[in-house]
Amino acid sequence: MTTEAATIGLTHGGSEDTGLGHRGPESKSIVVPYGFWLFVLSDMVLFSALFASYGTLVQATDGGPTTHQLFHRDLVAVETIALLLSSFVCGLAMIAAKRANMVWTQAWLIMTGLLGAVFLGIELYEFASMIGEGAGPQRSAFLSSFFTLVGCHGAHVTAGLLWLGTMMAQIWAKGFQQHIVRRLLCFSIFWHALDIIWVGIFTIVYLIGTL
Amino acid sequence: MPATALAFLLSSCNRGILDPVGPVGAAEKQILINSTAIMLAIVIPTMIATVAIAFWFRRGNKKATYRPDWEYSGAIEMVVWAIPALTIMLLGGITWIGSHDLEPSKPLASKVAPLKVEVVSLDWKWLFIYPDQGIATVNQLVVPAGTPVSFRLTSATVWNSFFVPQMGTMIYTMPRMTTRLNLQADRTGSFNGLSSHFSGDGFPGMQFQVQSLPADQFAMWAQGARGQGPALDGRGYAELSKPSSYVKPMTYGAVAPGLFDAIVANKAPPNPVPPPEHNQPVLGSKA
Amino acid sequence: MTLFGRLTWDAIPFNQPIPLITSLVVLLALGGVAVWVTRMKAWPYLWNEYITSTDHKRIGIMYIVLALLMLVRGFADAIMMRAQQSLAIGASQGYLPPEHYNQIFSAHGTIMIFFVAMPFVIGFMNFVVPLQLGVRDVAFPTMNNVSFWLTSSGALLVNLSLFLGEFARTGWLGFPPLSEKAFSPGVGVDYYLVALQISGVGTVLTAVNFVTTILKTRAPGMSYLRMPVFCWTALASNLIMLAAFPVLTVVLGELMLDRYLGFHFFTNDGGGNSMLYMNLIWVWGHPEVYILVLPAFGIYSEVAATFSGKPLFGYRSMVFATLTICIISYMVWLHHFFTMGAGGDVNAVFGIASMIIGIPTGVKIYNWLFTMYGGRVRFTVPIYYLIGFMLTFVIGGLTGVLLAIPPVDFVVHNSLFLVAHFHQVIIGGVVFALMAGYTYWFPKAFGFTLDERLGKAVFWCWFIGFHLAFMPLYVLGFWGATRRMQHIPDPSWAPYLNVAFVGAVIIGLGIVLTVVQLLYSIKTRDQRRDITGDPWDGRTLEWLTLSPPPHYNFAVLPDVHGEEAYWTRKQTAIKMDQLIAEPDYKPIEMPLNTPTGIICAFFASVCGFAVIWYIWWLAVLGLIGAFAVFVWYAWQDEHEHIIPVEEVRANARERRRIRMEHLHELSQST
């Protein structure tokens, strides 16, 4: 088929496969999660700048407490298990949502939220006790960067829990409509991404800091 | 336009960084001129070609050949990638060598022992401490001609940048940190110095003078200043630290030993965080 | 703490004539505009057609309007600086004391980069990219609207500092420790930080939007290597935005934590490290300038091809060069502080990397040259800017490579040589492109072209004005003049500074003439109507539509069969004297308007203002409001409306009728 003939008449319909890779704009079910992944990538860059700050300032203790004096591996282990489990049950919630199963979706989502809240609770306890013993973020550059890096992750978890609550309400009120399930998928991407960041944090901050 | 640029450039030949007084500035000027020449050799023909091609291929010119489908040529691509690449390779070599040769902390080759000067940028003036001579000056740097000067620099408050254009390389001064610089003035004379990093309301007043004296005169000056005038002890430094600008050159006849290191370690009086009046208008410049 | 935090009546500049009078004039002007709009009963029109619009074309226009307004403010700052430097020589202190001058140069840089250049570039990408890709809108139209309004919120806060309080006195990048609370206790730095954090969110959302749009939504048959070069540069620019702005968010956020909560990231005590700020801010700052210049290069590519009557030379080379620049832009940041003392190895590596970026840039210049070679160049206003750019930018690139050589930088860092260099590449590179693009795409947006003669006058004002304003600064830089000087120590600099002032005045004339050109062109628009939608004999898909295009752009998404989709289609149609067969029209689903953006920005502004002035209860309310808006929006089920097939068909048939007429004219003349 010559280009001219093709141009003149025979190829409308929007789905011609040119063999060169493009069939027209993708559907929303592809576009929305793709865009959300991009946002998550930008968030990873944000965290990498926080990691860079932490790496630069970890030794700047100004004569104050150091990593070895402050971190407790057992507490971090419990936090980590809570967060990882939270991600796991979030995955189970997605499976239930794909099957439009209201009871199990909400059940797994509640578990996700509760485990996330456990994580947050332990973290807040850790922060409070550090501040209580004079190792707050105003004490030294190291502590500023610690509280900011770990706190920013915690803030993301908090925002995630707010989002989760909103999603649970929406699913309850509106059911498993396409756009609602799409949003739930975006939430689960976000939640798993926070796990990845946490792996980075407990390695670089807590593990290396207590070697 | 290139002609105007050239005229401008020529008129500026003998001032500032283009009139270096020592080996560092001279080397930097040479690199500047060589690199500019190398690049102009590419840039000027390109500019001429731009105007020539646009003009020749203007729509009204029937003599020009219209090639509406010509959009690629491997040979041309090779050339247009090669020209900048080769230029950059050449300049890259100059960069590698020059960055190492002219690294500020590298001591200058000399038969003469270097003079040590410790520099502190304050709000908004320059303090020069001569640890071996036991004196200090404000806004006036006196050096012996032909002798390398080895600087250690810091700031008492915010970042500044120590710069004597005719001597060459500038370097930042940063609180709690020490930077190092090596310069030399080969001829005698008076040269301008300034801060080249904005540091607040009194910044324009941070000008200072460099006096390059024959070596024996320098020694006489240093000896003569010793014991004369105020002492830069704790109280003297606290007084000096108060915000002021456009400070007239002055000399201290005595300096507390280890003052520079104390300033770097944040142990010099007064407290390094300045009093709240820091950002108020400088005297004489109210709206 | 009082109910209004640290906001008191003292915040109003009663004792400072310049901000006071400016504030009054601006308030009067805003009031006047509001009255005029009310008298014309145009609020519903503005609200429906622009403010709540999710149409990328309308949003693009709003971005550019914002940019042009902010250009006036940024330029006012510039001419005040030039005047001060001409007056404050030797014994005179001029008319601006340091605490004012220092705000002015800080505002000048902040506004020009964040609220003129960025919105202008983003505005073009908004307007043009979906049209060139042959699709109906960006991937996330509502988020697009939100991005615009968040950017405007940032602009609002920066300008508010003129009326209430003060702006930062630290330069446009706010280096600590000067920008820390200890040395800058006032509200100025906080205005700066909060405004940029809010608009930064808008920018990241824009980046997500455009990367998704370009990679995932294109007309059928438009594979990557069939995209117009402007879309490639838009992709590269948005990829940079996506990866760079989070770093800015972090570094400004860390400074905010220092200032608000007493943290020690960059303070002089507590182990703070101000060098960390320098590194992070420039890790963002260098890619930022490529965010601006890459789409500018894209505009030049479009203009060069269209007005030479030839395809762009070396398309694949241009794409490769663009992506190379995109990646290398992340590897050069240290060249902004060679004089910090990192050592010979580090300085040399970054210097060489900075030069390597010059290679693909040089290749682009040659490709534009060879685009004109063998062409039939029409000397329109955009081509004037292209040639002006090619002459100006290569010198700017030369001075840039000089600055990339550490030993040279050691004597010209932070000097007026540097100032001249970056203005040369920004004005010669970015501003000229924006003016070219403005002229080039204006008819597509509004249905008539701008007056050509006035356009050329504007060009000459910019070209001559720029050279007069900045060539003397190169000389002064060699003489040892540093930047940001409220007072000039050496009277022999006066003639050069005066020439620079004259240059600035001429640029100002250019800006005035731009306004005159717009008003005159509107008044005489019937003489220059763009009937066919293709006033320049264009080569890319935006010229397929009428001017202005319908809300949904294309009745049917065009099938793309090669590079230069529109050109090939047009040439075939001319040759066969026949349009493409009429397609099957279908109803079209388009997003609804949304007030989400402006409401969200309202709460962001309230929250931001409250944070700046320490009005904590209001900040919390603002945050809650923003969250409530998000939930309310998410709760809606109807985000789209359908355009009936009759309307689509009627518009399309009208377009075909006009095109047929135009086609007959063209095939008769060839």
Side-chain angles (χ1 to χ4, degrees), chain B residues 5 8 12 15-18 28 31-32 35 39 43 46-47 49-50 53-54 57-59 66-68 70-72 76-77 80-81 84-85 88 91-92 95-96 98-100 102-103 158 165 168-172 175 179 192 194 196-201 204 207 272-273 278 281-282 285 287, chain C residues 16 93 97-99 171 177-178 182-184 268 274 309-311 313-314 317 339-341 344 347-348 351-352 355-356 358-359 362-363 366 369-370 372-379 387 390-391 394 398 401-402 405-408 410-411 413-414 471 475 478-480 482 484-487 489:
Chain B
F8 264 129
S12 67
R15 291 189 58 169
I17 67 170
L18 297 178
E28 285 158 352
I31 295 177
L32 169 64
S35 310
M39 286 191 280
V43 162
T46 305
M47 289 167 77
T50 301
I53 287 179
F57 287 98
R58 65 193 184 284
R59 182 170 63 169
Y66 181 41
R67 298 147 114 165
W70 185 66
E71 54 176 308
Y72 178 76
I76 290 186
E77 287 288 355
V80 304
W81 280 94
I88 296 307
L91 292 173
T95 299
W96 184 265
S99 302
H100 287 88
L102 290 160
E103 164 51 26
V158 299
T169 303
M170 70 175 81
I171 194 119
Y172 283 161
T179 43
N192 295 330
L194 62 145
S196 52
H197 184 98
F198 178 75
S199 54
D201 286 347
Q207 315 285 316
V273 174
H278 174 94
V282 169
S285 61
Chain C
Q16 293 166 26
Q93 278 282 318
E99 71 270 21
L178 182 60
F183 297 96
S184 290
N268 276 352
S274 40
K310 273 178 75 229
F313 183 89
S317 205
T339 57
M340 199 161 85
N347 278 352
I352 293 173
M355 289 177 208
I356 291 178
I359 301 175
V363 166
Y366 290 117
L369 199 59
F370 287 110
M372 290 194 288
Y373 188 96
R376 282 199 187 136
V377 181
R378 291 173 272 152
F379 275 76
I387 297 176
M390 288 170 76
L391 296 175
V394 290
L398 187 156
V401 173
L402 281 180
I405 303 174
V408 175
F410 289 161
V411 286
H413 173 66
N414 261 358
M471 292 300 120
V475 175
F478 285 152
W479 290 3
T482 194
R484 299 175 169 162
M485 302 197 78
Q486 174 265 353
H487 171 261

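This structure is a prediction, so every number in the text was calculated from the model and none was measured.
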Specify the closest pair of heavy atoms between [X] and [Y], including all atoms of both residues, with the distance to one decimal.
| X | Y | value |
| --- | --- | --- |
| B:Glu77 | C:Gly314 | OE2-CA, 3.4 Å |
| B:Trp81 | C:Ser317 | NE1-OG, 3.0 Å |
| B:Leu102 | C:Pro407 | CD1-CB, 3.6 Å |
| B:Pro84 | C:Tyr366 | CG-CE1, 4.4 Å |
| B:Pro165 | C:Gly480 | CG-CA, 3.7 Å |
| C:Val411 | B:Met170 | C-CE, 4.0 Å |

In terms of heavy-atom pairs under 4.5 Å, which option from [options] contacts chain B the most?
| options | value |
| --- | --- |
| C:Gly358, C:Gly351, C:Pro311, C:Gly362 | C:Pro311 |
| C:Val401, C:Val408, C:Leu398 | C:Leu398 |
| C:Met390, C:Met372, C:Arg378, C:Met355 | C:Met355 |

*Considering only heavy atoms, which portion of B:Leu194 lies under 4.5 Å from any heavy atom of chain C: side chain, backbone, both, or neither?*
side chain
_Is B:Thr50 in contact with chain C via its backbone, its side chain, both, or neither, using a 4.5 Å heavy-atom distance?_
both
Quick check: do [X] and [Y] have side-chain heavy atoms less than 4.5 Å from each other?
| X | Y | value |
| --- | --- | --- |
| B:Arg15 | C:Trp479 | yes |
| B:Phe198 | C:Thr482 | no |
| B:Met39 | C:Leu402 | yes |

*Hey, what's the ring geometry for C:Phe370 with B:Trp70, parallel, tilted or perpendicular (30° and 60° as the breaks)?*
perpendicular
Roughly how far apart are [X] [atom1] and [Y] [atom2], rounded to 0.5 Å?
| X | Y | atom1 | atom2 | value |
| --- | --- | --- | --- | --- |
| B:Ser35 | C:Ile405 | OG | CD1 | 3.5 Å |
| C:Arg484 | B:Ser196 | CZ | OG | 11.5 Å |
| B:Ile53 | C:Leu369 | CD1 | CG | 3.5 Å |
| B:Ile31 | C:Phe410 | CD1 | CZ | 9.5 Å |

*Applying side chain to side chain contact (heavy atoms under 4.5 Å, CB included), name anything that partners C:Phe379, two or more places apart in sequence or on another chain.*
B:Ala54, B:Arg58, C:Val377, C:Ile383, C:Tyr384, C:Ile387
*asked:* At a 4.5 Å cut-off on heavy atoms, which part of C:Pro489 comes close to chain B: side chain, backbone, both, or neither?
replied: side chain
